[in-house]
**Q** 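Structure in structure tokens, see below.
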Amino acid sequence: MKTRIITAVVTIPLLLLLLMAAPTIVTAAVWGLMLAIAAYELLYGTGLVREPRLVLYASIMAFAVSIWSHYDAVHAVGQLGVMLFASVLFGEMMRSHVKLTFDKICMCFVAGLVIPFLLSSVIRILVMSRIGRYMVLIPFIVAFISDSGAYFAGHFFGQHKLAPVISQHKTIEGAIGGVVASTVAMVIYCVVLQFAFGFQVKYGIAMIYGMLGSLSGVFGDLCFSVVKRQTGIKDYGNLIPGHGGILDRFDSMMVVGPLAEVLMLLLPLAVKV
């Protein structure tokens, strides 16, 4: 617990600096590097794909997805990239004289394209509009505060297991605590936006963000917990002391980020006055 707190004290200011002050292309490049590491963790770290070239292709693709998200790549460019990625992977299958199995190719697609696309919602939110700097914090607030609220609620009140086969530590009470914590956090963030930065905000919609985001975060966390159970690992990596790897820290963001992106398009939360 002490290590987790120290890591948070060090990394949170760096994350805020990256999201709020760094040039957006720098943020996209750093985020892309993290996605490349996540692809490595999911494939090579778990032992699902121990083919170095395939892991390298997936990591390069993961980085590229973040950069494309920054530049809002036109449909043709994105399609060309996906086609090239697919051609390289299937080319490796043919090169191996069909010894390389189709399931490994599919894993590389997930690690190099699907998950990076979902997590790159952070970059798409950042460059979405002139208020992207403020909106990009929302998925992090929801995911991190929900996680903390669930931890403490589960620790003090947890009695009923949420998914005992997948995660022994998650409880229904913890999930409820996470929903409450993230909803309150979103309301507080709206207060800050309104009175400190002059935004016109909608508190009811903020509560929807908090509740739906927290529930989706639990689902995202469980998705990656399933993979860990199937591969017999405790953590995806050890890059972040006390937290594990990139996927261990940002697993819930795989769903929270895209959900926040969709909600911002359909149910805008704030307008700069």
**Q** Quick one: pull up CD in Glu261 and CG in Leu126 and give me the separation to the nearest 0.5 Å.
**A**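 Result: 11.5 Å between the selected atoms.
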**Q** Parallel under 30°, tilted from 30 to 60°, perpendicular over 60°: which one fits the rings of Phe250 and Phe144?
**A**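 Geometry flag for Phe144 against Phe250: tilted rings.
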**Q** Distance check, rounded to the nearest 0.5 Å: Tyr134 atom OH versus Leu193 atom CG?
**A**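 Taking OH in Tyr134 and CG in Leu193, the distance rounds to 8.5 Å.
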**Q** Are Val271 and Met207 connected, step by step, through hydrophobic side chains (Ile, Leu, Val, Met, Phe, Trp, Tyr) whose heavy atoms are closer than 4.5 Å?
**A**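 No, it is not one cluster - the side chains of Val271 and Met207 are not joined through contacts under 4.5 Å.
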**Q** Calculate, to the nearest 0.5 Å, the distance between atoms CE and CD1 belonging to Met93 and Ile105 respectively.
**A** 4.5 Å
**Q** Please identify which of these residues, Thr11, Asp235, Ile240, meets the side chain to side chain contact (heavy atoms under 4.5 Å, CB included) condition with Arg249.
**A**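 Answer after filtering Thr11, Asp235, Ile240: Ile240.
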**Q** Take the angle between the ring planes of Phe109 and Phe85 and call it parallel below 30°, perpendicular above 60°, tilted in between.
**A**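 Ring orientation of Phe109 relative to Phe85: perpendicular.
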**Q** Distance to the ring centre below 6.0 angstrom and angle to the axis at most 45 degrees; does that hold for Arg124 and Phe117?
**A**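 Yes - Arg124 lies over the ring of Phe117, closer than 6.0 Å to its centre and within 45° of its axis.
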**Q** How far apart are the closest heavy atoms of Pro268 and Ile205, and which atoms are they?
**A** O-CD1, 3.7 Å
**Q** Hey, are Tyr57 and Glu51 close enough side-chain-wise for a donor-acceptor pair under 3.5 Å?
**A**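 The answer is no; no qualifying pair exists.
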**Q** Within the structure provided, determine whether Met20 and Leu137 are in side-chain contact (heavy-atom separation under 4.5 Å).
**A**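 With C-beta onward as the side chain, the pair touches.
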**Q** Applying side chain to side chain contact (heavy atoms under 4.5 Å, CB included) between Met107 and each of Thr101, Val55, Leu48, Leu42, report the one that passes.
**A** Leu48
**Q** Do side-chain atoms of Thr171 reach the backbone of Gly174 as a donor and acceptor pair under 3.5 angstrom?
**A**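 It does hold such a pair.
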**Q** What distance do Leu247 atom CG and Met34 atom CE have between them, rounded to the nearest 0.5 Å?
**A** 10.0 Å
**Q** Shortest non-hydrogen contact from Val65 to Gly112?
**A** CG2-O, 4.1 Å
**Q** Would you kindly confirm whether Leu239 and Val10 end up in one hydrophobic cluster when ILVMFWY residues are joined by side chain heavy atoms under 4.5 Å apart?
**A**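 No, separate clusters.
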**Q** How far does CG of Leu19 sit from CZ of Arg133, to the nearest 0.5 angstrom?
**A** 8.0 Å
**Q** Could you report the tightest heavy-atom contact between Met253 and Leu119, atom names first, then the distance?
**A** C-CD2, 3.5 Å
**Q** Using 30° and 60° as the class limits, which term best fits the ring planes of Phe199 and Phe197: parallel, tilted or perpendicular?
**A** perpendicular
**Q** Apart from Leu56 itself, which Ile, Leu, Val, Met, Phe, Trp or Tyr residues share its cluster (side-chain heavy atoms under 4.5 Å, direct or through members)?
**A** Ile60
**Q** Would you check if there is a donor-acceptor pair between the side chains of Ser214 and Ser146 at a distance under 3.5 Å?
**A**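 There is such a pair between these side chains.
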**Q** With rounding to the nearest 0.5 angstrom, report the OG to CG distance, Ser252 to Leu215.
**A** 12.5 Å
**Q** Taking OH in Tyr203 as the centre, count heavy atoms belonging to other residues, nucleotides or ligands within less than 6.0 Å. Is the count above 12?
**A** yes
**Q** So for atom CZ, which belongs to Arg95, do other residues, nucleotides or ligands contribute more than 12 heavy atoms lying within a distance under 6.0 Å?
**A** no
